[in-house]
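Worksheet: one structure, shown below.
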Amino acid sequence: MEPEGSVRRRTGDPPPGSCLPDLPLQGCTAATEGDQVWLVWNSGSSRAGTFLTRVTPSTGEVTSWPSPVHGPDGFAVRGNRAILTRRDHNQRSVEVVSAELVDATWSVTDRRRMRVPGRVVLHCGQGRDGSLWLRAGNDWLRIEV
C-alpha cells in the first residue's frame, strides 16, 4: 500500500497528446482561454526555439506549435488568432504581432510598433480570454486579439 498523498509514477510511454516537443529551458509568458491554459516557452536543447503550448486540464491534452515570434513577453489568444508582444529594451514602445493558426501552423498576419506610457516590464504581459494585459511603467494596457 502506498502512503497517502504519494504520486505513483508510471512506466512506459506517456499517453498521446501529453508531451512537450522538446525540453523546456524557461517560460516566456502564459494566457488562458476558457478552460484552456496556454504556455509560451523556450526550449533548452540544441534545437532551440520558442513554442506555444495549449493544455486542456479537464482531459490532459497537450498540443504544441512552434511560435511565430521568438521569446515574446506577452501573449493572448482567442480561437485561432493570437497577439504576441516583444518589448523594446529601455524604450517606451513594444512590437505587437498578430498571428493566426492555419493548417497546424501559426503564421504572422500583422506587425506593428506601439508607443506605450512607460517601459514594458520583462515577461509581464498576461492574456485572458482574448485580451492581453501588458504592464508599461505604472500602467496596465489592454490589447484585444
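In this text, all values refer to a predicted model and were calculated from it rather than measured experimentally.
Formation of a donor-acceptor pair under 3.5 Å by the Arg128 side chain with backbone atoms of Thr32 is not found in this model. No donor-acceptor distance shorter than 3.5 angstrom exists from the side chain of Arg81 to the backbone of Gly130, with no hydrogens or angles considered. A distance-only check finds a donor-acceptor pair linking the side chain of Asp129 to the backbone of Gly34 [under 3.5 Å].
Nearest heavy atoms, Ala136 versus Gly118: CB-O, 3.6 Å. Here the closest non-hydrogen pair linking Pro72 and Val40 is CG-CG1, 3.5 Å. Of all the heavy atoms in Val94 and Arg86, the pair that sits closest is CG2-O, 3.2 Å. Scanning all heavy atoms of the two residues, the minimum distance from Trp106 to Ala82 falls at CZ3-CB, 3.6 Å. What you find for Thr109 and Ala99 is that their closest heavy atoms are OG1-N, 3.9 Å. For the pair Gly125 and Leu134, the tightest heavy-atom approach, listed with the atom from each and the gap, is CA-CD1, 3.9 Å.
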Would you please test Asp22 and Trp41 for side-chain contact (heavy atoms from CB on, under 4.5 Å) and show each step? CA-CA 10 Å; Asp22 204 351; Trp41 54 279; 4.3 Å; yes

Kindly determine whether Ser43 and Leu25 satisfy side-chain contact (heavy atoms from CB on, under 4.5 Å), including the steps that lead there. CA-CA 5 Å; Ser43 98; Leu25 173 65; over 6 Å; no

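For the atom pair Trp133 CH2 and Gln126 CD, the distance stands at 11.0 Å (nearest 0.5 Å). Put simply, CG on Leu52 and OG1 on Thr63 are 11.5 Å apart, with the number rounded to the nearest 0.5 Å. Atom CE of Met114 sits about 13.5 Å away from atom CZ of Arg92, to the nearest 0.5 Å. A distance of 5.0 Å separates OG1 in Thr56 from CD in Glu61, rounded to the nearest 0.5 Å. Atom CD of Glu33 is separated from atom OG of Ser131 by 11.0 Å, given to the nearest 0.5 angstrom.
Ionic pairing of Asp88 and Arg119 is not present here: no N-O contact between side-chain nitrogen and carboxylate oxygen is shorter than 4.0 angstrom.
A single hydrophobic cluster is seen to contain both Ile143 and Val120, as judged by linkage of ILVMFWY side chains at heavy-atom distances under 4.5 Å, directly or through other members. Hydrophobic clustering (side-chain heavy atoms under 4.5 Å, transitive across Ile, Leu, Val, Met, Phe, Trp, Tyr) groups Leu101 together with Val97. Under the 4.5 Å side-chain contact rule for hydrophobic residues, Leu20 and Phe51 share a cluster. Hydrophobic clustering (ILVMFWY, side-chain heavy atoms < 4.5 Å, transitive): Leu39 and Val69 are in distinct clusters.
Between the side chains of Thr85 and Asp73, no donor N or O sits under 3.5 Å from an acceptor N or O. No side-chain N or O of Ser93 forms a donor-acceptor pair with one of Arg115 less than 3.5 Å apart. Looking at Thr50 and Ser67, their side chains never bring a donor and an acceptor atom within 3.5 Å of each other.
Residues passing the side chain to side chain donor-acceptor pair (under 3.5 Å) test with Thr105: none are found, sequence neighbours excluded. Listed by chain and number, the residues in a salt bridge (Lys or Arg N to Asp or Glu O under 4.0 Å) with Glu95 are Arg111 (sequence neighbours excluded). Residues satisfying the salt bridge (Lys or Arg N to Asp or Glu O under 4.0 Å) test with Arg78, not counting sequence neighbours, are Glu144.
In summary, the aromatic rings of Trp38 and Trp65 are positioned with their centroids under 6.0 Å apart.
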